[in-house]
Student: 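The structure follows.
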Amino acid sequence: MRMSKLVGRRIKEDPRDAQIISHKYIIRGGYARMVSAGIYSLLPLGSRICSKIETIIRDEMNSIEGQEVLMPVVLPRELWEESGRYKSVGEELLRFKDRNEKDMLLGMTHEEAVVHLIRSEVNSYKQLPIMVYQIQTKYRDEARPRAGLIRVREFTMKDAYSFHETQECLEAYYERAHKAYENIFRRIGMKNVVSIKSDSGMMGGKVSHEFMALSEAGEDTIFMSPCGNYKANKDIAVAAWKFTKETPKELEKVHTPSKETIEEVATFLGLKPENTGKAVFYIDCNENLIFAMIRGDFEVNETKLKNYLKSPSLRYANDDEIRRCGAVPGYASPLSLTNRSKLRIVVDRSVAESSNLVVGANEKDYHFKNFNLERDLTGTEITEIATVRAGDPCPLTGAPLEEKRGIEVGNIFQLGTKYSESMNCNYLDKNGKSHPMVMGCYGIGVGRSMASVIELSHDDYGPIWPMSIAPYQIHICALNIKEEAVKSTAEKLYANLQSKGIEVIFDDRGEKAGFMFNDADLIGVPFRVIISPKTLETNSVEFGIRGVKEKQMIPIEDLVTRFQSMISEELKKYQ
RNA sequence: CGGGAUGUAGCGCAGCCUGGUUAGCGCGUUUGACUGGGGGUCAAAAGGUCGAGAGUUCGAAUCUCUCCAUCCCGACCA
């Protein structure tokens with residue numbers, strides 16, 4: 001490719017809206033342009049990188065017997081009614097009507113579509129297991145797109161779906177998919193990806209893993225043990241908390257004028273937050289009032305609470321709803337509630353296993369000291385709803401957990417029979433008996449992966465692409481191209497490299513050296529060749545590697561073969 | 001959906017508070033000349049519904065209201 005013809009300009013200044021490095025370089029380097037919030041066009045450079053990522057993904061999917069298919073972006077309402085998700089999924093699902101007033105939607109994930117396909121094509125145990133995958137556009141009507149290509153509304157995703165006779169077969173395949181995912185991220189050059197246990201959320205199913213690119217720009221919080229054996233998303237992370245019980249003291253009502261927050265009450269009484277109990281009120285999907293009680297130094301983990309309550313949605317209760325049970329906001333207490341109908345009191349272990357806590361008195365300006373759950377209250381449900389904090393003890397070793405940020409670049413789920421049962425995706429076993437297929441699903445965000453590579457691999461001048469996904473393999477800069485010797489040498493090298501199948505970008509614009517170097521840095525091609533009157537004096541060219549200071553001179557004679565072998569050497573690192 | 005910020009040439013910004021010629025600056029673009037190893041110099045040129053609409057006013061980029069868009073924090077989120 002000649003730079004003089006390349007579509008997509010480089011920009012000197014950071015775009016106003018960009019906060020994170022990948023967003024800045026994606027715009028400044030001419031990889032993509034925003035069309036609307038969270039909706040981007042890819043320019044040739046970005047398109048080439050994504051294509052290469054997709055090629056690696058295809059290769060690994062094919063190696064675990066995946067068969068590529070292509071399903072529609074636009075889907076009819078009926079299909080999603082079958083799975084129940086037309087109602088259960090919120091506004092993130094973009095719904096619209098076609099010209100005949102028929103309800104349609106934009107696919108945000110393709111379980112329904114793939115089940116529609118497979119249930120009519122596959123009916124016998126003899127055909128199982130199978131896996132199909134696609135690389136297709138998804139649309140999610142995100143409330144708040146952000147961070148360039150990290151969180152967008154429209155994006156390209158590889159999604160794969162496997163179908164099995166049994167859970168055991170799924171589990172075995174799941175392990176193979178996990179391995180294939182590790183291969184993919186290694187081959188893309190993402191050394192910072194870890195797989196962690198996660199919550200399966202709206203997807204349903206039990207076991208799931210997220211592949212997280214560790215990065216400060218990430219939106220997810222991860223807890224890891226120092227040894228690396230325990231890794232989990234904040235949503236489901238657990239810790240080996242130890243609580244100690246003391247001899248219960250007598251319940252005592254104390255005056256706490258205008259002290260409503262945990263911090264205020266604890267300070268006022270000369271205690272620490274861990275000596276208090278905190279009340280948080282929610283409304284679940286059945287309009288039950290949920291009184292969540294937790295020790296004052298913890299936060300309620302809404303994912304854990306949702307899972308415990310089996311309530312897909314949960315929202316904070318407002319003050320009126322809190323008063324419904326006789327609780328007083330700011331001084332709410334599980335004691336002396338006047339109305340316990342449609343009320344569930346869910347108590348965290350931190351409260352159940354501690355003693356003599358300060359809790360509200362359900363009376364303005366008053367609290368109780370020395371609350372002891374088993375002595376003072378009945379009719380509660382005790383479970384674990386606490387959010388892990390940095391430094392909490394690792395559940396495996398007890399070592400303090402470290403908090404990290406991560407970008408979710410992929411995920412895998414053991415779906416089970418959630419979709420096959422609701423949508424009648426069955427097979428006949430040896431005895432002619434019908435069973436729902438056991439499903440797994442496996443996703444990777446392509447554009448998000450590209451952005452994550454920038455977050456991992458860049459310097460002050462631009463991205464540093466791994467050879468496996470770089471938009472080009474060699475970047476030729478011809479300095480002083482008006483000189484015939486430079487021009488002819490560069491043109492000849494460009495043609496020769498291309499004829500050998502090497503992907504080369506050639507800066508033929510005749511710009512100043514510094515100008516071309518800065519552009520080359522933003523394009524981030526790993527190998528750079530400089531041809532100038534100076535290098536031609538010794539009948540050679542200058543060779544450099546992106547991100548490495550040292551340069552070397554290479555004689556012109558054996559350039560093409562040397563570059564061929566250097567590139568294949570470099571590519572081997574990503575096989 | 002709640003809180004905050006921003007919107008002026010392709011990009012980045014000044015001007016607005018305190019209304020008043022023809023709306024500026026840098027980068028980029030075009031033409032020419034010089035220059036030639038880290039965004040060079042000089043000269044000339046093109047490029048604007050000042051986010052949109054309404055209002056106040058003799059007069060609005062500037063004041064008021066409504067709306068829209070984008071970003072940040074939160075809520076939400078396979």
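Since we're looking at a predicted model, the values are computed, not measured. In what follows, chains are A, B, ... by sequence order, proteins preceding strands, each numbered from 1. Heavy-atom basis, side chains included; hydrogens, waters and symmetry copies ignored.
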Student: Under 3.5 Å, is there any donor-acceptor pair linking the side chain of A:D519 to the base of B:G39?
Tutor: yes

Student: CG of A:D460 versus C1' of B:G39: gap in Å, rounded?
Tutor: 16 Å

Student: Given the side-chain rings of A:Y282 and A:F291, with only the six-membered ring counted for Trp, is the space between their centroids under 6.0 Å?
Tutor: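 When the ring centroids of A:Y282 and A:F291 are compared, they turn out to be at least 6.0 Å apart.
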
Student: Under a 3.5 Å limit for both distances, which nucleotide forms a Watson-Crick or G-U wobble pair with B:C71, could you say?
Tutor: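 Because both required distances fall under 3.5 Å, B:C71 counts as paired with B:G4.
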
Student: Out of B:C11, B:G74, B:G38, which has the shortest distance to the side chain of A:R144?
Tutor: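 Closest nucleotide among those given: B:G74.
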
Student: Counting only Watson-Crick or G-U wobble pairs whose two distances fall under 3.5 Å, which nucleotide matches B:U66?
Tutor: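 Because both required distances fall under 3.5 Å, B:U66 counts as paired with B:A52.
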
Student: Atom CG of A:D14 to atom P of B:G12: distance rounded to whole Å?
Tutor: 10 Å

Student: For B:A14, give the paired nucleotide (Watson-Crick: N1-N3 plus N6-O4 or O6-N4; G-U: N1-O2 and O6-N3; both under 3.5 Å), or none.
Tutor: none

Student: Please tabulate, one pair per line, each protein N/O and nucleotide N/O from nucleotides 35-37 of chain B that are separated by under 3.5 Å, including the distance.
Tutor:
{"residue": "B:U35", "atom": "O4", "partner": "A:K482", "partner atom": "NZ", "Å": "3.2"}
{"residue": "B:G36", "atom": "O2'", "partner": "A:N480", "partner atom": "ND2", "Å": "3.1"}
{"residue": "B:G36", "atom": "O6", "partner": "A:K482", "partner atom": "NZ", "Å": "3.0"}
{"residue": "B:G36", "atom": "N2", "partner": "A:G510", "partner atom": "O", "Å": "2.7"}
{"residue": "B:G36", "atom": "N2", "partner": "A:E511", "partner atom": "O", "Å": "3.0"}
{"residue": "B:G37", "atom": "N7", "partner": "A:S532", "partner atom": "OG", "Å": "3.4"}
{"residue": "B:G37", "atom": "O6", "partner": "A:S532", "partner atom": "OG", "Å": "2.4"}
{"residue": "B:G37", "atom": "N1", "partner": "A:E542", "partner atom": "OE1", "Å": "3.0"}
{"residue": "B:G37", "atom": "N2", "partner": "A:E542", "partner atom": "OE1", "Å": "2.6"}
{"residue": "B:G37", "atom": "N2", "partner": "A:E542", "partner atom": "OE2", "Å": "2.6"}

Student: Has A:W465 got a side-chain atom pairing as donor or acceptor with A:I523's backbone, closer than 3.5 angstrom?
Tutor: yes

Student: Does A:E78, at its CD atom, have more than 12 non-hydrogen atoms belonging to other residues, nucleotides or ligands within less than 6.0 Å?
Tutor: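 Enclosed: over 12 neighbouring heavy atoms sit under 6.0 Å from CD of A:E78.
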
Student: If the C1' atom of B:C50 is compared with that of B:U8, how far apart are they to the nearest Å?
Tutor: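 The answer is 4 Å between these two C1' atoms.
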
Student: Kindly give the atom pairs (protein nitrogen or oxygen, nucleotide nitrogen or oxygen) under 3.5 Å for nucleotides 46-50 of chain B.
Tutor:
none

Student: Please check if the number of heavy atoms outside A:Y461 that lie under 6.0 Å from its OH is greater than 12.
Tutor: no

Student: In whole angstrom, what separates A:L149's CG from B:C71's P?
Tutor: 12 Å

Student: What distance, rounded to whole Å, do you find between the two C1' atoms, one in B:G10 and one in B:G28?
Tutor: 7 Å

Student: Pull out every protein N or O sitting under 3.5 Å from an N or O of nucleotides 4-6 of chain B, one pair per line with the distance.
Tutor:
{"residue": "B:U6", "atom": "O2'", "partner": "A:R16", "partner atom": "NH1", "Å": "2.7"}

Student: Using a strict 4.0 Å threshold on nitrogen-to-oxygen distance, state whether A:E82 and A:R119 make a salt bridge.
Tutor: yes

Student: Determine the Euclidean distance between corresponding C1' atoms of B:G47 and B:C11; express it in Å to zero decimal places.
Tutor: 13 Å

Student: For the pair made of CG in A:D459 and C1' in B:G38, what is the distance, rounded to whole Å?
Tutor: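 Going from A:D459 (CG) to B:G38 (C1'), I get 13 Å.
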
Student: C1' atom, B:C13 versus B:G7: distance in rounded Å?
Tutor: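 Nearest-Å result for B:C13 against B:G7 at atom C1': 12 Å.
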
Student: Can you confirm whether more than 12 heavy atoms, excluding those of A:K551, are under 6.0 Å from its NZ atom?
Tutor: yes

Student: Looking at A:F298 and A:T387, what are the two nearest heavy atoms and their distance?
Tutor: CD2-O, 3.9 Å

Student: Tell me which nucleotide, if any, is Watson-Crick or G-U wobble paired with B:U57 when both distances must be under 3.5 Å.
Tutor: none

Student: Using whole Å, what does the distance between atom P of nucleotide B:A75 and atom CD of A:E142 come to?
Tutor: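 The answer, rounded to whole Å, is 14 Å.
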
Student: Does B:C42 pair with anything, Watson-Crick or G-U wobble, both distances under 3.5 Å, and if so, with which nucleotide?
Tutor: B:G32

Student: Can any side-chain N or O of A:Y181 pair as donor or acceptor with the backbone N or O of A:G443 at less than 3.5 Å?
Tutor: yes

Student: Quote, to the nearest angstrom, the P distance that separates B:A5 from B:C42.
Tutor: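 Each nucleotide's P atom is 41 Å from the other's.
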
Student: In whole Å, measure the gap between the P atoms of B:A61 and B:A23 for me.
Tutor: 10 Å

Student: Hey, which of these two, A:E302 or A:H23, hits RNA chain B nearer its 5' end, going by closest nucleotide?
Tutor: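 On the 5' side of the pair lies A:H23.
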
Student: Taking atom P in both B:C71 and B:C63, compute the distance separating them and give it to the nearest angstrom.
Tutor: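 Nearest-Å result for B:C71 against B:C63 at atom P: 25 Å.
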
Student: Are A:R10 and B:G39 close enough that a side-chain N or O sits under 4.0 Å from OP1 or OP2?
Tutor: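 For B:G39, OP1/OP2 do not have a side-chain N/O of A:R10 under 4.0 Å.
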
Student: Are the side chains of A:R546 and A:V525 in touch, meaning some heavy atoms are under 4.5 Å apart?
Tutor: no

Student: Counting N and O atoms only, with roles assigned by atom type, does the side chain of A:K158 sit under 3.5 Å from a partner on the main chain of A:Q136, one being a donor and the other an acceptor?
Tutor: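 Such a contact is absent between A:K158 side chain and A:Q136 backbone.
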
Student: Does the gap between the ring centers of A:H209 and A:Y442 come in under 6.0 Å?
Tutor: no

Student: Could you give the distance separating B:C27 and B:A43 at their P atoms, to the nearest angstrom?
Tutor: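 So the two P atoms sit 12 Å from each other.
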
Student: To the nearest Å, how far apart are A:I26 CD1 and B:C71 P?
Tutor: 14 Å

Student: For B:A69, take OP1 and OP2 only and decide whether either is under 4.0 Å from a side-chain N or O of A:S36.
Tutor: no

Student: Identify whether any heavy atom of A:L522 sits under 4.0 Å from a base atom; if not, whether one sits that close to sugar-phosphate; answer base, sugar-phosphate or nothing.
Tutor: base

Student: So, the side chain of A:Y25 versus the backbone of A:Y31: is there a donor-acceptor pair under 3.5 Å, distance only?
Tutor: no

Student: Around atom CD of A:E91, are there more than 12 heavy atoms of other residues, nucleotides or ligands at under 6.0 Å?
Tutor: no

Student: Are A:H475 and A:F527 an aromatic pair, judged by ring center distance below 6.0 Å?
Tutor: no

Student: Please work out if A:R9 contacts a base, only the sugar-phosphate, or nothing of the nucleic acid, heavy-atom cut-off 4.0 Å.
Tutor: sugar-phosphate

Student: What does A:A147 touch in the nucleic acid at a heavy-atom separation under 4.0 angstrom: a base, only the sugar-phosphate, or nothing?
Tutor: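 Sugar-phosphate: the residue A:A147, judged by heavy atoms under 4.0 Å, touches backbone atoms but no base.
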
Student: Could you check whether A:Y442 gets within reach of a base, just the sugar-phosphate, or nothing at all, counting any heavy atom under 4.0 Å?
Tutor: nothing

Student: Taking only the side-chain heavy atoms of A:K12 (C-beta and beyond), determine which of B:G39, B:C72, B:U70 contains the nearest atom.
Tutor: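 For A:K12, the side-chain atoms sit closest to B:G39.
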
Student: Roughly how many Å is it from CG in A:N518 to C1' in B:G40, rounded to a whole number?
Tutor: 13 Å

Student: Taking the nucleotide of RNA chain B with the closest heavy atom to each, which residue, A:P15 or A:D521, is nearer the 5' end?
Tutor: A:P15

Student: Contact class for A:A37 (heavy atom, under 4.0 Å): base, sugar-phosphate, or nothing?
Tutor: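 The residue A:A37 makes sugar-phosphate contact but no base contact.
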
Student: Could you tell me whether A:H458 atom NE2 has more than 12 heavy atoms of other residues or ligands within 6.0 Å of it?
Tutor: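 Above 12, so yes.
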
Student: For A:E219 and B:G74, what is the distance between atoms CD and P respectively, to the nearest whole Å?
Tutor: 10 Å

